[in-house]
Amino acid sequence: MPEVKLINIGKTYEGGMQAVKDISLTIKDKEFLVLVGPSGCGKSTTLRMVAGLEEITTGDLFIENEKVNDLDPSQRHIAMVFQNYALYPHMTAYQNMAFGLKIKKVPKAEIHKQVMKAAEILNIEDILQKKPGKMSGGQRQRIAIGRAIVRRPKVFLFDEPLSNLDAKLRGQMRIELAKLHKKLDATIIYVTHDQVEAMTLGDRIVVMNQGEIMQNATPMDLYLNPNNKFVAEFIGTPKMNFIKGEILKIDGELFFKNNHFLFNISKVNNQQLENHIGKEVDLGIRAEDIYAEVGNLENYGKVHAQIVAIELLGNEKLIYSELEEHQLVAKFSAEQEVQIHTTIDFYFNLNKTYFFEKENGKRIN
Amino acid sequence: MKKKKWLPYLFVAPYLLHLIVFVAFPVFFSLFLTFHKWNIISPVEYVGVANYTRMFQDRMFWKAIFNTFKFLLIHIPLQLIFALALAEFLNQNIKFKGFYRAAFFLPVIVSGVVVTILWQQLLGFDSGLINRLLVIIGLEKVGWLIDPNIAMGSIAVMATWKNVGLYVILFLVGLQTVPPSYYEAAEIEGASHWQKFRYITLPLINPTIFMVVILSTIGGFSLFIEPYIMTGGGPLSSTLSSVLYIYKQAFEYYHMGYSATLGFFFAFLILMVVMIQKKYIETND
């Protein structure tokens with residue numbers, strides 16, 4: 001079974017730049033794994049090490065139980081789709097897809113069979129005679145994927161394949177890629193900086209930052225249970241709100257204190273919070289967990305702030321307000337009546353709050 | 001207001017002056033001369049198309065053209081192969097890249113006269129370094145510049161050595177415009193070095209190849225300094241290039257009208273050759 005195993009993989013460039021630090025990761029057979037993180041986090045380097053385009057400085061890489069550290073890219077049974085597609089401009093789509101087989105001297109009839117099969121899967125039979133320069137971005141994308149399919153690899157590697165497409169096409173291709181994954185029953189490692197892409201495509205997501213894995217979990221788990229402030233902030237649109245403050249214990253009850261308000265957080269899972277009494281922490285709350293009315297919230301904190309901007313998204317709207325140095329964003333339903341430049345009360349659902357250590361961003365509760 | 005009107009003309013005047021004195025006037029005067037006989041001293045004499053009919057019967061001129069083509073036939077392939085090989089070499093991750101680049105380019109900026117004199121030291125029959133080396137290792141001397149069958153080849157090699165640096169730079173620029181991901185994609189497909197070069201590099205640097213062929217064709221057609229200094233066109237007129245012959249007609253025999261005629265015809269010939277090359281080498285995309 002094509003399982004990919006990274007064991008303590010590290011990459012140090014000449015000159016000492018450490019791009020990837022000691023990563024261990026297993027990609028299961030037929031899994032769609034997404035590596036996501038901001039640019040420069042080492043996700044592409046990691047992928048390129050799996051591909052064999054980048055030498056592995058430390059650690060071992062196994063593909064289907066075979067150590068491949070020193071194998072050439074072509075011997076690793078992988079196929080890669082590049083960010084800029086890397087389609088040869090002087091060849092037609094067909095020639096591009098057939099190139100790998102042609103240089104391996106596969107008989108023409110066999111090449112034709114493979115190319116046509118891939119073309120059928122991707123629905124690109126009609127553009128096979130076109131050259132990349134005459135194709136749209138989406139078509140090029142498909143040809144690049146077709147070229148990968150023709151190789152019949154054990155593992156597909158995608159390096160930010162959708163980042164050159166416009167937003168609409170990106171959405172469309174996302175759905176196609178998800179379908180393709182099912183159709184091909186393939187193991188896929190997919191790199192992106194776009195957390196929406198990661199959330200919608202991945203069976204599992206690995207969030208990376210500064211060459212390290214921040215969290216490795218399913219999309220929903222990442223969203224609901226971020227391990228640290230970085231993941232909490234990176235996953236989800238709009239970004240999670242963070243407010244600096246301090247944890248206090250008054251009369252046996254726990255409070256989160258800020259210059260503007262005091263939240264009673266006794267009812268929030270307080271086991272861990274007890275250990276941080278008197279310490280500075282960051283409170284995190286997602287936009288959808290902030291309300292304009294108390295409603296049936298049982299456990300809430302009230303914040304008084306002025307609305308500085310409103311973004312209407314159709315069925316909902318984003319309300320931006322400022323609280324000292326913090327910018328708060330709340331997601332209200334579109335019917336909610338609010339006026340810009342007015343000051344209103346925001347109600348935080350304290351059951352949905354996250355607390356992070358100030359020094360290292362580690363999750364507390 | 002009045003001042004402003006002639007100011008722009010003043011700014012373009014240096015260029016215009018240069019254009020008129022060194023381009024427009026010589027071109028039109030040469031065209032005028034092609035229908036005349038003139039030896040600088042005596043007055044210009046109208047001869048109709050006599051210069052043209054003479055040209056078509058001038059066996060020496062056709063020999064010079066033949067020599068020039070022979071030169072090009074050796075020079076251009078050599079130039080292409082060496083320039084591309086050196087550019088490919090410089091495009092790798094090697095040490096002292098800057099040094100090599102400068103070293104290859106050095107002959108380009110050295111005066112052709114100096115280069116020619118240097119090569120005379122190498123190619124001389126009795127005292128030339130190469131022949132002395134051949135004698136030391138027990139081989140016979142070669143008449144690099146005195147054997148009519150070899151002389152033009154020697155000059156072609158020398159001209160290649162002198163100009164290759166320029167084309168190395170052009171090819172290097174061409175090579176660097178090929179996105180690295182093309183090679184990476186080919187690497188994943190298992191392409192060998194040669195296959196990558198054959199199927200990716202060559203087609204993608206086609207515009208550069210075309211440019212190099214055109215430039216070295218035009219450069220090669222104007223072959224002059226090397227045979228002028230080294231062999232004077234000999235032995236047995238085997239290194240008499242077209243330009244050298246045109247020069248001789250003008251400044252040794254003072255056949256100004258005839259020389260101008262040859263010059264015009266020769267320019268026309270270059271145009272034809274370049275157009276043919278354009279048709280066959282340059283591909284679309």
Side-chain angles (χ1 to χ4, degrees), chain A residues 14 44 47-55 71-92 95-106 111 130-134 140 143-148 150-153 155-161 164, chain B residues 80 84 87-100 170-214 277-285:
Chain A
E14 255 177 75
S44 276
L47 188 80
R48 291 168 59 81
M49 283 195 282
V50 174
L53 296 172
E54 208 74 70
E55 222 172 290
L71 289 187
D72 280 339
S74 60
Q75 294 168 317
R76 295 187 182 193
H77 307 291
I78 50 112
M80 185 151 163
V81 177
F82 292 82
Q83 179 174 1
N84 62 359
Y85 320 126
L87 294 175
Y88 310 125
H90 55 288
M91 298 184 194
T92 63
Q95 288 166 330
N96 264 291
M97 288 166 72
F99 181 69
L101 299 177
K102 184 182 157 196
I103 59 173
K104 266 188 249 159
K105 307 227 156 54
V106 173
I111 293 179
K130 274 193 191 176
K131 286 188 179 173
K134 299 239 154 58
R140 277 181 225 166
I143 303 299
I145 296 171
R147 179 167 66 178
V150 169
R151 281 180 58 70
R152 287 189 288 179
V155 184
F156 285 87
L157 308 177
F158 287 87
D159 189 6
E160 309 226 12
N164 284 0
Chain B
L80 271 182
L84 193 51
E88 180 79 4
F89 164 71
L90 284 180
N91 203 26
Q92 313 292 319
N93 265 329
I94 46 159
K95 280 183 182 168
F96 310 118
K97 223 187 237 186
F99 167 76
Y100 287 121
L170 292 180
F171 273 129
L172 203 54
V173 172
L175 289 176
Q176 280 167 356
T177 58
V178 181
S181 61
Y182 288 0
Y183 295 113
E184 289 176 347
E187 218 168 291
I188 286 174
E189 306 268 21
S192 65
H193 257 285
W194 166 246
Q195 284 169 326
K196 276 190 258 180
F197 183 77
R198 164 75 187 78
Y199 293 114
I200 300 169
T201 309
L202 273 188
L204 289 178
I205 60 165
N206 181 281
T208 313
I209 295 179
F210 174 67
M211 187 165 68
V212 169
V213 169
I214 297 295
Q277 282 174 335
K278 188 172 163 65
K279 187 160 184 244
Y280 285 99
I281 301 172
E282 201 180 41
T283 56
N284 298 322
D285 314 291

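In the text below, chain A, chain B and the rest are named by the order of the sequence lines, each starting its count at 1.
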Kindly give the heavy-atom pair with the smallest separation between A:Asn84 and B:Pro179, and that separation in Å. ND2-CB, 4.4 Å
Under 4.5 Å to a heavy atom of chain A? For B:Tyr199 that would be both
Please state whether the side chain, the backbone, both or neither of A:Arg48 comes within less than 4.5 Å of a heavy atom of chain B. side chain
Given that the side chain runs from C-beta out, which part of A:Leu87 has a heavy atom under 4.5 Å from chain B: side chain, backbone, both or neither? backbone
Measuring from atom CD of B:Glu184 to atom CD of A:Glu54, what distance do you get when rounded to the nearest 0.5 angstrom? 8.0 Å
Side chain from CB out, backbone as N, CA, C, O: work out which of these in A:Asp72 comes under 4.5 Å of a heavy atom of chain B, or both, or neither. neither
Hey, does the side chain of A:Arg151 reach the backbone of B:Ile188 with a donor-acceptor pair shorter than 3.5 angstrom? yes
Could you tell me which of A:Gln75, A:Arg76, A:Lys102 has the largest number of non-hydrogen atom pairs under 4.5 Å with chain B? A:Lys102
Rounded to the nearest 0.5 Å, what's the gap from OH on B:Tyr183 to CG on A:Leu53? Could you check? 14.5 Å
Identify the heavy atoms of A:Tyr88 and B:Ala186 that sit nearest to each other, and give their distance. OH-N, 3.2 Å
Can you name the nearest heavy-atom pair linking A:Gly100 to B:Glu189, along with the distance? CA-OE1, 3.1 Å
Do B:Asn206 and A:His90 pass the side chain to side chain contact (heavy atoms under 4.5 Å, CB included) test, and can you show the C-alpha distance, the side-chain angles, and the key distance before you say yes or no? CA-CA 10 Å; B:Asn206 181 281; A:His90 55 288; over 6 Å; no
Mark yes or no for whether B:Tyr182, through its side chain, and A:Pro89, through its backbone, hold a donor-acceptor pair below 3.5 Å. no
Identify the two heavy atoms, one from A:Ala86 and one from B:Ala185, that lie closest to each other, and give their separation to 0.1 Å. CB-CB, 4.1 Å
